[in-house]
Amino acid sequence: MKLSIAITSEHALPSAFVVFRGFEESILQAAALGYDGVELALKNAGEINRKELQALLNKTRLRVCCISTGQVYAETGLMFTDVDRWKRAEVRKIFKGMIDLAADFGQFVNIGRARGQIDEEGVDAAEERFVEIICELADYAVTKEVGLLLEPVNRYEINFINSVEEGARLLKKINHPNIKLMPDVFHMNIEDVKIGAELLRHINYIGYIHLADSNRLAPGWGHTDFEDIFNHLETAGYKGWFSVEILPKPEPRIAAKQAIEFLRPFLKK
Ligand code: LER
Ligand code: MN
């Protein structure tokens with residue numbers, strides 16, 4: 001199984017959950033530590049110089065496994081559920097740019113908090129606006145051979161699609177073959193009944209997994225039971241990517257090293 005680490009630009013907000021910042025530095029560090037790929041956390045596709053990125057990937061033999069979009073919401077507040085149709089048009093444009101980029105680098109685009117909030121109009125209105133945009137983007141992404149990944153995010157960050165159970169229920173309803181879930185075990189620790197058992201139960205909807213311990217430190221440095229998670233994923237026959245999305249503590253290189261050293265034995269199984 002393949003392991004990636006989330007990285008971002010040197011200009012990203014301090015709140016971005018990444019270990020390394022600055023694309024060149026990050027890719028070189030990830031390669032030196034033995035990661036198979038990187039997940040690019042972007043606010044728009046224009047942040048990437050394609051030629052420079054390709055040269056770095058050629059040099060390191062790393063792959064970009066996903067473009068993640070938490071920075072879209074963090075930097076602009078744009079969301080699929082916004083009542084303002086011009087803002088919804090803007091978010092469509094940004095995500096289409098990310099999908100175009102993923103056609104060359106990444107193969108997946110995630111939808112995190114940009115999916116939006118449930119406001120005073122209630123869940124049905126939010127869901128209707130969300131479904132219209134995600135389906136349009138999923139149709140567009142098919143033509144580019146890119147998949148969409150919906151990430152359930154805990155209630156303290158967003159009030160819409162918090163648990164894997166809720167994500168799976170919504171995907172069943174939407175029934176679009178080009179949308180899968182991106183469970184993040186940090187959020188699952190807050191929202192789901194069990195982590196490993198829920199991953200196994202919803203495995204048909206799962207396309208990619210974010211790894212962090214219960215405190216967003218490197219796996220192995222909190223109280224999440226990774227033995228249980230990987231046993232369930234083995235039973236499920238999960239073959240997709242894992243990406244480490246952790247805080248740069250105690251310092252970036254040490255955190256990234258702690259993560260890969262702890263995870264390697266599970267991934268080799
Ligand atoms: C993004 O992948 C994530 O997990 C969120 O917690 C960021 O807000
Ligand atoms: Mn995540």
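Counting starts at 1 for both ligands and their atoms, in listed order. Below, each value reflects all heavy atoms present in this structure, side chains not excepted, and no hydrogens, waters or symmetry copies.
Of all N/O/S atoms in H210, ND1 sits nearest the Mn ion (ligand 2). The atom of E151 nearest to the Mn ion (ligand 2) is OE2, with the search restricted to N, O or S atoms. When you scan the N, O or S atoms of E245 for the one nearest the Mn ion (ligand 2), you land on OE1. Counting just the N/O/S atoms of D184, the one with the shortest distance to the Mn ion (ligand 2) is named OD2.
Contacts between F186 and ligand 1, counted as non-hydrogen atom pairs separated by less than 4.0 Å, are absent for every part of the residue. Of all the heavy atoms of M182, none lies under 4.0 Å from any atom of ligand 1, so neither backbone nor side chain is involved.
Nearest protein neighbour of atom 1 (C) of ligand 1, counting heavy atoms only, is E245 OE2, 3.0 Å.
Judged by the 6.0 Å and 45° rule, K96 forms a cation-pi pair with Y140. Cation-pi geometry between R216 and F17 is met: under 6.0 angstrom from the ring centre, within 45 degrees of the axis.
Other residues, nucleotides and ligands contribute more than 12 heavy atoms inside 6.0 Å of the CD atom of Q54. Atom NZ of K87 sits in a sparse spot, with 12 or fewer heavy atoms from other residues, nucleotides or ligands closer than 6.0 Å. Annotation for W241: atom CH2 counts as buried by contact number, over 12 foreign heavy atoms lying within 6.0 Å.
Proximity of C66 to L149: side-chain heavy atoms (C-beta onward) are separated by under 4.5 Å at one or more points.
Checked by atom type, the side-chain pair E39/S68 shows a donor-acceptor distance below 3.5 Å.
Within the listing of ligand 1, atoms 4 (O) sit less than 4.0 angstrom from a heavy atom of D184. For ligand 1, the atoms closer than 4.0 angstrom to any heavy atom of H210 are 2 (O).
Under the 4.0 angstrom criterion for non-hydrogen atoms, E39 is not in contact with ligand 1. For the pair H187 and ligand 1, a heavy-atom separation below 4.0 Å is found.
Taking the ring centroids of F130 and F160, they lie under the 6.0 Å cut-off.
The N/O atoms of E157, backbone and side chain alike, include one that comes under 3.5 Å of an N/O atom in ligand 1.
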